[in-house]
Amino acid sequence: MKKILSGVFILCCLIYSCHNSKHSNEEGKEIQVDKSITKKTSFNNLFIDSNAINNFLDKHSEYQKFKQQYNDFYKLRNYQCAWFDSSGMGEQAYNFMNLLASAVDTYNDSSLYNKKLSNEVDAFKTDTSNKALKVTPDISETELKLTGQFFLYASKIYGGSDMNMEELGWFIPRKKLDLTILLDSLIENKSDIKNSELQLSDAYKKLLDFLPLYRKIDMSVNWDSIAYPDQAFHKGVSSQSIKTIKERLYALGDLSENDSTAVYDTTLLHAAKKFQARMGLSPDGVIGKTFIKQLNVTPAKRIEQILVNLERLRWMPATNDSNTIIVNIPEYKMYVYDSARLQFAMDVVVGSAATSTVIFTGNLKYIVFSPYWNIPPSIIKKEILPGIDRNKNYLADHHMEVYGKGAGGIPEVRQLPGSDNALGHVKFLFPNNFDIYFHDTNNHGAFNSSNRNLSHGCIRLSQPKELAMYLLRDDTTHYSSVKVDSLMNLDKEKWVTLKKPIPVMISYYTAFVDSSGRLNFRSDIYKHDSAMAAKLFTPNNNLMAQK
C-alpha cells in the first residue's frame with residue numbers, strides 16, 4: 001500500500017501565519033503606544049516604567065536581540081504588565097514555565113532553561129500574603145525576564161535556528177514570525193499556551209512524537225552492527241542474525257511480537273515488509289545488504305535525522321492556497337492537493353547527486369505539449385559536441401537541430417518533438433531562476449528503481465498525462481482525454497497557459513510520518529542532512545546539540 005506523507009505536504013496550508021490586522025507592524029512603520037489602556041480603563045492596574053525596558057536590556061545581553069519586540073509589545077499595552085496583575089502572577093506565567101520545562105525535556109535543550117527565573121516564579125507562586133501588588137523592581141525584573149524568555153523560546157521552537165538556509169541549498173522563503181503579536185495574542189486571549197495557535201504543523205507534531213521512542217531505544221537496546229549475510233535471508237531460513245533482526249524490528253514497532261527464535265517465519269516476513277516500506281525500499285521481504293544497512297543505522301543517528309527534519313518544518317512558510325503540488329525529493333514522490341485533499345500521488349525521478357534538484361517554491365503557469373528540448377549549454381559542451389566530433393550524423397540520429405548560436409560561440413541545440421525527445425510528450429513550467437520544471441520522459445524504465453536520483457536536475461513524472469488532465473479539469477470541452485493525447489503527439493510545441501497558476505513546492509524531507517502514522521526515513525541523497533547537522537549540533541546551538 002502506498003504511503004502518503006501526511007501533514008508535510010499540506011503543512012503549507014496549516015502552519016500558523018502570524019498576522020493581526022489590528023496590530024500589524026508593517027516594515028518601516030513604528031508601532032504607536034496604545035494610550036486607550038490606562039489604570040482606569042484596564043482590569044490590570046500594574047504598569048512598568050517605559051525606561052525599565054532599556055535598563056533591563058542593558059543588564060541582560062541574552063535578550064538584547066529582541067529589543068524591538070520588547071518595545072513593540074509593551075507599546076501595544078501602554079506598558080501594562082503582561083504576566084502580573086494586582087492579585088499576583090497570572091496563570092499564563094505558570095503555564096509558560098511548565099511549557100519551558102516540557103521543552104527542555106523534549107529537546108534536551110538546556111538553553112531554554114533559566115534556573116534563576118524558575119526560582120523567581122516559584123517564589124511568587126508560594127507567596128500567600130494576598131497583599132495587593134504594586135510594581136517593584138523585583139516584579140519589573142521578573143515581568144521582563146518572562147517576556148524575554150518567551151521570545152527566546154518562540155523564536156527557537158517556532159522559527160528555528162538562526163542560520164543561512166541558502167548555504168544549505170534551501171531556497172524556500174523562511175516563515176516570518178511576529179513574536180510581538182504571538183505574545184500579545186497569548187496574553188490577551190488567555191488561551192492555554194499548549195493548545196494555542198502558536199503550535200506548529202501536524203507534520204511537526206507527529207514527527208516530534210517519535211523522539212521519546214527513539215531515545216528510549218537508544219538507551220535500552222544494543223545496536224552493534226549486524227554483519228551482511230553471504231546470501232539474502234528468505235522465509236524459512238535460520239540464522240543467529242535473525243534473532244537480532246527480530247529484536248530490532250520489535251523495538252522499532254514493525255514486529256508485533258518478539259519470539260527470540262532464529263527462524264525467518266511469516267511474522268518476520270510481514271515485519272520485514274513494513275520496515276522496507278518505511279525506508280523506501282521495495283517491500284519484498286528479502287533481508288539482504290540494503291535491508292541490513294538500514295537496520296544498522298543507530299537510534300542516535302535516527303534521532304539526529306528527526307531533529308534535522310523538525311528544523312526544516314520550523315522554517316516552512318504559510319500559504320493561503322490549499323491547491324498545491326509538492327515534491328519530496330528524497331522520497332521520489334509528487335503529491336497533488338486540491339482544497340487540502342490529496343488527489344493523487346506519483347513516482348518521480350529527481351536530479352542526481354552531481355546535478356541536484358533545487359529546493360524552492362514556484363507557481364505552475366504553463367503546460368507545453370510536444371515540447372522541444374532546449375539542451376542546456378553544459379550538456380551541449382559535455383555530451384553533444386563530443387558526439388558530433390565522433391559522428392557527423394549525431395544531431396540527425398538524435399532528432400536534434402541547431403537553432404542559434406549562444407555565448408562563446410557555442411551552438412544552441414534542441415531536440416525535436418517526438419517519442420525520442422528526452423522531455424517526453426509534455427512539460428510543465430513554473431518559471432524560476434534554476435531552470436527546473438516537470439516533464440515526461442522517453443525512458444519510463446527508470447521508475448522501476450527504488451533509487452531515482454538520475455536526472456540533470458529537472459523532475460521526470462511517471463504519470464504526466466494525469467497531471468495535465470488534472471490541471472485542465474475545468475475545461476474538458478477543449479481538453480478531453482483524446483484531445484490531450486493529440487496535443488502530446490504534435491510535430492511542434494503547443495503552449496497552454498493555466499487560468500490560475502498552482503503553487504509548487506520542491507521540498508526535502510528524509511524523516512516524516514505517513515498517513516498510517518508510521519515513521520518513514522529516506523536516504524540523504526544530496527547530503528543536506530549532514531550539512532545541516534554540522535551547523536545544528538554544536539555547543540552554541542543547544543536545541544540540537546544534546547541529542
Side-chain angles (χ1 to χ4, degrees), residues 5-19 158-160 163-177 200-204 308-346 348-351 355-368 427-439 453 455 457-461 467 470-471 497-510 512 522 525-526 528-529 531-532:
L5 183 45
S6 164
V8 168
F9 291 141
I10 205 65
L11 63 89
C12 54
C13 305
L14 299 179
I15 291 180
Y16 171 70
S17 178
C18 303
H19 69 279
Y158 297 112
M163 65 177 67
N164 187 327
M165 294 166 24
E166 293 187 2
E167 288 181 357
L168 299 170
W170 187 279
F171 293 90
I172 298 175
R174 189 167 185 157
K175 173 176 61 182
K176 294 181 179 179
L177 278 179
L200 288 151
S201 68
D202 285 342
Y204 181 93
V308 162
N309 284 273
L310 286 172
E311 177 70 10
R312 291 190 179 115
L313 287 170
R314 293 187 185 99
W315 296 348
M316 293 305 299
T319 178
N320 295 323
D321 199 329
S322 58
N323 297 332
T324 314
I325 297 174
I326 304 182
V327 172
N328 186 28
I329 295 171
E331 194 187 8
Y332 311 122
K333 281 283 188 180
M334 170 188 281
Y335 295 83
V336 179
Y337 287 93
D338 185 0
S339 301
R341 293 180 178 271
L342 181 69
Q343 301 303 300
F344 58 91
M346 71 175 74
V348 300
V349 170
V350 300
T355 54
S356 59
T357 300
V358 182
I359 303 162
F360 71 106
T361 58
N363 290 294
L364 200 160
K365 297 181 178 180
Y366 310 105
I367 305 175
V368 184
K427 67 179 179 180
F428 306 85
L429 302 182
F430 36 104
N432 58 81
N433 295 328
F434 310 107
D435 198 25
I436 289 177
Y437 47 87
F438 302 143
H439 65 85
N453 52 322
S455 79
C458 288
I459 298 169
R460 305 177 197 168
L461 309 181
L467 180 59
Y470 169 78
L471 295 173
T497 302
L498 297 182
K499 293 179 179 179
K500 181 184 178 183
I502 182 169
V504 171
M505 181 179 295
I506 312 299
S507 60
Y508 193 94
Y509 293 99
T510 61
F512 56 87
R522 295 296 185 271
I525 56 177
Y526 297 159
H528 288 329
D529 281 11
M532 188 187 293

Margin query: Using side-chain heavy atoms (C-beta onward) and a distance below 4.5 Å, is Phe512 in contact with Asn309?
Written below: no
Next item on the list: Spell out, as yes or no, whether a donor-acceptor pair under 3.5 Å connects the side chain of Ser455 to the backbone of Val350.
Entry: yes
Next item on the list: Could you list the residues that satisfy side-chain hydrogen bond (donor to acceptor under 3.5 Å, both in side chains) with Tyr204, not counting sequence neighbours?
Entry: Tyr107, Arg314
Next item on the list: With sequence neighbours left out, write down each residue that passes side-chain hydrogen bond (donor to acceptor under 3.5 Å, both in side chains) with Thr357, or none if nothing qualifies.
Entry: none
Next item on the list: Could you give me the CA-CA distance, side-chain angles and deciding distance for His528 and Leu168, then say whether side-chain contact (heavy atoms from CB on, under 4.5 Å) is met?
Entry: CA-CA 6 Å; His528 288 329; Leu168 299 170; 5.8 Å; no
Next item on the list: With sequence neighbours excluded, tell me which residues meet ring pair (Phe, Tyr, Trp, His ring centres under 6.0 Å) with Tyr437.
Entry: His439
Margin query: Pair Ile525, Tyr332 - check side-chain contact (heavy atoms from CB on, under 4.5 Å), show working.
Written below: CA-CA 11 Å; Ile525 56 177; Tyr332 311 122; 3.4 Å; yes
Next item on the list: Might you point out which heavy atoms bring Leu467 and Phe438 nearest each other, and give the distance in Å?
Entry: CD2-CD1, 4.3 Å
Notebook entry, point to check: Which pair of non-hydrogen atoms, one from Trp315 and one from Gly159, has the smallest distance, and what is that distance?
Noted result: CD1-O, 3.6 Å
Check: To the nearest 0.5 Å, how far apart are CD1 in Ile359 and CD1 in Ile172?
Finding: 7.0 Å
Note to self: Quick check: do Pro503 and Asn363 have side-chain heavy atoms less than 4.5 Å from each other?
What the structure shows: yes
Check: Donor-acceptor pair, Tyr526 side chain versus Gly351 backbone, under 3.5 Å?
Finding: yes
Next item on the list: Would you give the length of the straight line joining atom CE of Met532 to atom CD of Glu167, rounded to the nearest 0.5 angstrom?
Entry: 12.0 Å
Next item on the list: Drop me the distance from Ile326's CD1 to Glu331's CD, to the nearest 0.5 angstrom.
Entry: 11.5 Å
Next item on the list: Report the C-alpha distance between Trp170 and Met163 in whole Å, list the side-chain angles of each, state the deciding distance to 0.1 Å, and finish with yes or no for side-chain contact (heavy atoms from CB on, under 4.5 Å).
Entry: CA-CA 11 Å; Trp170 187 279; Met163 65 177 67; over 6 Å; no
Checklist line | Smallest separation among heavy atoms of Pro330 and Ser507, with atom names | finding: CD-O, 4.2 Å
Checklist line | Listed partners of Arg460 passing salt bridge (Lys or Arg N to Asp or Glu O under 4.0 Å), at least two apart | finding: none
Next item on the list: Look at the side chain of Arg174 and the backbone N and O of Gly160, then say whether any donor-acceptor pair between them is shorter than 3.5 Å.
Entry: yes
Note to self: Check whether Asn328 reaches the backbone of Tyr509 with its side chain - one donor and one acceptor, N or O, closer than 3.5 Å.
What the structure shows: yes
Next item on the list: Starting from the C-alpha separation in whole Å, work towards a yes-or-no answer on side-chain contact (heavy atoms from CB on, under 4.5 Å) for Val358 and Ile506.
Entry: CA-CA 7 Å; Val358 182; Ile506 312 299; over 6 Å; no
Note to self: Could you check whether any side-chain N or O of Asp338 sits under 3.5 Å from a backbone N or O of Asn323, counting only pairs where one atom can act as donor and the other as acceptor?
What the structure shows: no
Item checked: Leu498 side chain near Lys365 side chain, heavy-atom distance below 4.5 Å -> no
Notebook entry, point to check: When rounded to the nearest 0.5 angstrom, what is the spacing between CG in Leu471 and CD1 in Ile325?
Noted result: 5.0 Å
Notebook entry, point to check: With sequence neighbours left out, what residues match Glu166 under salt bridge (Lys or Arg N to Asp or Glu O under 4.0 Å)?
Noted result: none
Item checked: Value rounded to 0.5 Å, distance of OH in Tyr337 from OG1 in Thr324 -> 9.0 Å
Next item on the list: Apply ring pair (Phe, Tyr, Trp, His ring centres under 6.0 Å) to Tyr470 and list each qualifying residue two or more places apart in sequence or on a separate chain.
Entry: Phe344
Note to self: For the CZ atom of Arg312 and the CG atom of Asp529, what is their distance to the nearest 0.5 Å?
What the structure shows: 4.5 Å
Margin query: My understanding is that only residues two or more places apart in sequence, or in another chain, count here; which of them pass side-chain contact (heavy atoms from CB on, under 4.5 Å) with Pro173?
Written below: Thr361
Residues 429-436 side chain polar contacts: donor-acceptor under 3.5 Å, at least two apart:
residue : atom : partner : partner atom : Å
Asn432  : OD1  : Phe434  : N            : 2.9
Asn432  : OD1  : Asp435  : N            : 2.9
Asn432  : OD1  : Ile436  : N            : 3.2
Asn432  : ND2  : Phe430  : O            : 2.7
Asn432  : ND2  : Ile436  : O            : 2.8

